[in-house]
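See structure below.
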Number of protein chains: 2
Amino acid sequence: MAKNAKISNAVIKRLPRYRRYLIELKKKGVEKISSKEFSNLIGYTASQIRQDLNNFGGFGQQGYGYSVDGLYKEISAILGLDKEYRMVIVGAGNLGQAIAKYTHFHKQGFKVCAAFDINPNLIGKDLDGIEILDYENIVEYVEEEEIDIGIICVNRDNAQEVADKLSFAGVKGIWNFAPTDIEVPSHVALEVVHLSDSLHSLAYHMNDIQKKEAAAEELRRSDKSARD
Amino acid sequence: MAKNAKISNAVIKRLPRYRRYLIELKKKGVEKISSKEFSNLIGYTASQIRQDLNNFGGFGQQGYGYSVDGLYKEISAILGLDKEYRMVIVGAGNLGQAIAKYTHFHKQGFKVCAAFDINPNLIGKDLDGIEILDYENIVEYVEEEEIDIGIICVNRDNAQEVADKLSFAGVKGIWNFAPTDIEVPSHVALEVVHLSDSLHSLAYHMNDIQKKEAAAEELRRSDKSARD
DNA sequence: TAGATTGTTAATCGATTAACAATC
DNA sequence: TAGATTGTTAATCGATTAACAATC
C-alpha cells in the first residue's frame with residue numbers, strides 16, 4: 001500500500017520513463033509484464049522496479065506480474081497526468097516560439113494558452129494559434145485564465161524577475177529554460193532544463209572517450225614495442 | 001593531483017554549474033573564493049566542493065582558497081570547452097529550427113554547421129545563416145565537414161535510425177531531443193534531453209505540493225474542531 | 001609565526017541490489 | 001497444489017558530509 005514517507009527524486013525521475021515503455025507495450029498489445037521482463041526492456045534491475053513501484057502501492061500480483069494497462073494508469077495518476085494543465089510561455093524568442101508550436105505537450109494535456117513578451121514587434125503576433133501578449137498584463141492574465149504553469153524562456157538576467165512575477169500571480173509550477181538558477185517560493189514547484197549544462201556534459205564525455213581511446217592506443221603501441 | 005579513477009556522473013553534472021557561478025564572480029571582479037564562501041553562493045556543501053574539485057587536481061591553496069579565474073579555466077578545460085565543436089541538427093521542425101537559431105551555443109564554441117531534413121519543403125531553406133540540407137547526404141557531409149556532434153530533433157520513430165547513421169558517419173557525440181531512448185556505440189557519447197519527462201516530473205511535484213497543502217489544511221481544520 | 005583553508009581520510013547517509021517469505 | 005512472481009526486509013554499494021592533519 002501507499003507509504004507516507006518522502007519519495008526520493010531519483011524515483012520520480014524514473015516514473016516518466018516507466019510510463020513511456022508501458023505506452024509502447026500497450027501499443028504492441030502486451031497485457032502483462034513481470035518485473036524481470038520489464039528489467040530486460042528498460043534496463044533497470046527487477047529489484048529496483050519493484051522497489052520503485054512499491055513506494056506508491058502494491059500494483060502487482062504475486063505469481064503473475066503487473067497489468068500493463070493498470071500500471072500505466074497508476075503511474076499516469078501518480079504523475080498527475082490525468083489532469084489538464086494550462087501554461088503560459090514568457091519570452092517569445094526562438095525557444096519560446098518553438099515550445100509554443102510543439103504540439104507534443106498539448107496532446108498530453110499541457111496546453112499553452114498564451115505567450116508573453118516585452119518586444120512590441122512580437123506582441124500581437126500569432127504562433128500557430130497562440131497569441132503573443134504584452135508582458136505588462138501577465139499577472140491579471142494568469143489570475144483570470146487560471147494558469148498552472150509558467151515557462152521561462154527569457155534571457156538569464158530577467159529570469160528571476162519573471163519567476164517572481166509568475167509566483168506572485170499564482171502559478172503552481174515553473175519550468176525554467178533560462179541558463180541560470182532561480183529561486184521560487186516553497187509552494188511553487190520548479191523544474192529546470194539547462195540546455196548549456198547538458199551540452200557541456202556531452203562535451204566532457206566526448207573528451208573522456210577520446211582520452212581513453214588515446215590511452216588504450218598508447219598501451220597497444222608500447223606493448224608492441226616491448227614485444228619487439 | 002589528478003586521479004585515474006572513474007569520475008561519477010553526479011560530479012560531472014555539477015561542473016557546468018560551478019563554471020556558471022565562476023563566470024558571475026569574474027564579472028563582479030572577485031578574484032579568490034574559499035570553498036565555504038562558494039558553498040554559501042552555490043548551495044553545495046564546502047566539503048562537496050572540495051571533494052568534487054579534487055577529483056581533477058589540487059586547484060586550491062591552503063589558507064587562501066581558490067583563484068576564481070584559475071578555477072574557471074581548469075573547469076572549462078576539464079569540460080573540453082577550450083575546444084570548438086562542429087554540430088549538425090537532424091530534423092528541422094520547430095525544435096530543430098529553434099536550436100539552429102539559438103546563438104547562445106555558438107558563443108560558447110558550439111557551432112551549428114547545417115541542419116538536415118527529409119521534407120522537400122524545408123530543404124534549401126536558410127535559418128539565420130544555417131542551411132537546411134537533404135538528409136540523403138548527411139553521411140558524406142559529416143565526414144567531409146568533420147562534424148563532432150549530431151543533434152537529434154526528429155520524432156520518436158526515426159530517432160534510432162538517425163542515431164545509427166550519425167554514429168556510422170563518425171560523430172563523437174549525440175545530443176538527443178527525441179522523446180525516446182536510443183542506443184549508440186560505446187565510442188559515441190550520448191546526452192539526452194527528455195522535455196516531456198521533465199514536464200511530467202514538474203507535474204508530479206506540483207501535485208505533491210498541493211496534496212501536502214491540503215493535508216496541512218485538513219489537520220488545522222480537525223485540530224480546530226477538536227478544540228471547540 | 002598564527003590563522004585560514006585546503007586536500008584527504010573516516011563516518012554517515014541514502015540509494016541500489018540481493019534474498020526470501022508471502023501469496024496468487 | 002506447484003510454480004511463479006510479488007512485496008519487503010536485509011546487505012551492499014556509492015555518494016555526501018564531517019573531521020582533521022598538512023601547508024600556505
Side-chain angles (χ1 to χ4, degrees), chain A residues 1-18 21-22 25 30-75 78 201 204, chain B residues 1-18 21-22 25 30-75 78 201 204:
Chain A
M1 83 249 56
K3 315 292 167 43
N4 277 342
K6 173 102 178 68
I7 289 148
S8 90
N9 207 249
V11 175
I12 306 306
K13 286 279 172 192
R14 282 192 291 269
L15 294 181
R17 189 174 151 120
Y18 286 125
Y21 280 87
L22 289 166
L25 288 165
V30 179
E31 292 189 355
K32 72 136 197 136
I33 193 162
S34 70
S35 57
K36 200 176 161 205
E37 290 165 329
F38 208 4
S39 169
N40 290 138
L41 191 65
I42 202 170
Y44 304 139
T45 64
S47 202
Q48 178 158 67
I49 293 167
R50 295 202 301 278
Q51 286 277 29
D52 281 355
L53 298 177
N54 271 88
N55 279 298
F56 304 99
F59 301 142
Q61 189 174 328
Q62 276 108 326
Y64 175 83
Y66 298 86
S67 149
V68 169
D69 187 58
L71 196 53
Y72 165 77
K73 286 190 178 119
E74 293 281 5
I75 291 180
I78 292 164
S201 173
Y204 173 86
Chain B
M1 83 251 59
K3 315 292 166 42
N4 276 342
K6 173 101 178 71
I7 289 147
S8 90
N9 207 249
V11 176
I12 306 306
K13 287 279 172 192
R14 281 192 292 270
L15 294 180
R17 188 174 151 121
Y18 286 125
Y21 280 87
L22 289 165
L25 288 166
V30 179
E31 291 190 354
K32 73 138 194 129
I33 193 162
S34 71
S35 58
K36 202 178 160 202
E37 290 165 327
F38 208 3
S39 170
N40 289 139
L41 192 66
I42 202 169
Y44 303 139
T45 65
S47 202
Q48 178 159 67
I49 293 168
R50 294 201 301 279
Q51 284 278 29
D52 281 355
L53 298 177
N54 272 86
N55 278 299
F56 305 99
F59 301 143
Q61 190 174 325
Q62 276 108 326
Y64 175 84
Y66 298 85
S67 148
V68 170
D69 187 58
L71 196 53
Y72 165 76
K73 285 189 178 120
E74 291 283 5
I75 291 180
I78 291 164
S201 173
Y204 173 85

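Chain naming here is simple, since letters A, B, ... match the order of the sequence lines and numbering starts at 1 in each.
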Task: Atom-pair distance (CG on B/Leu71; C1' on C/dT6), nearest Å - done: 13 Å

Task: Below 4.0 Å: OP1/OP2 of D/dT16 and any side-chain N or O of B/Arg14 - done: yes

Task: Nearest to side-chain heavy atoms of A/Thr45, which nucleotide of C/dT17, D/dT17, C/dT5 - done: C/dT17

Task: Atom pair CD1/CZ of B/Ile12 and B/Phe56 - distance to nearest 0.5 Å - done: 4.0 Å

- [ ] Confirm from the modelled atom types if A/Ser8 and C/dA15 form a donor-acceptor pair under 3.5 Å, side chain to base only.
- [x] no

Task: Nucleotide nearest B/Asn54 when distance is taken to its side chain, options C/dT8, C/dT5, D/dG7 - done: C/dT8

Task: Secondary structure of DNA chain D in dot-bracket form (Watson-Crick or G-U wobble, distances below 3.5 Å, | marking inter-strand pairs) - done: ..||||||||||||||||||||||

Task: Phosphate OP1/OP2 of C/dT6 contacted by B/Ser35 side-chain N/O (<4.0 Å) - done: yes

Task: Short side-chain N/O contact from B/Tyr66 to OP1 or OP2 of C/dA4, under 4.0 Å - done: no

TODO: In whole angstrom, give the distance that lies between atom CG of B/Leu53 and atom P of C/dT8.
DONE: 12 Å

Task: Comparing B/Arg50 and A/Val11 on DNA chain C - which has the more 5′ nearest nucleotide - done: B/Arg50

Open item on the list: Can you tell me if B/Gln48 touches the phosphate of D/dT16, counting only side-chain N or O atoms and a distance under 4.0 Å to OP1 or OP2?
Closed with: yes

- [ ] Name the closest nucleotide to the B/Gln51 side chain, picking from C/dG7, D/dT5, D/dA18.
- [x] D/dA18

- [ ] Quickly work out the B/Gln61 CD to C/dT5 P distance and round it to whole Å.
- [x] 12 Å

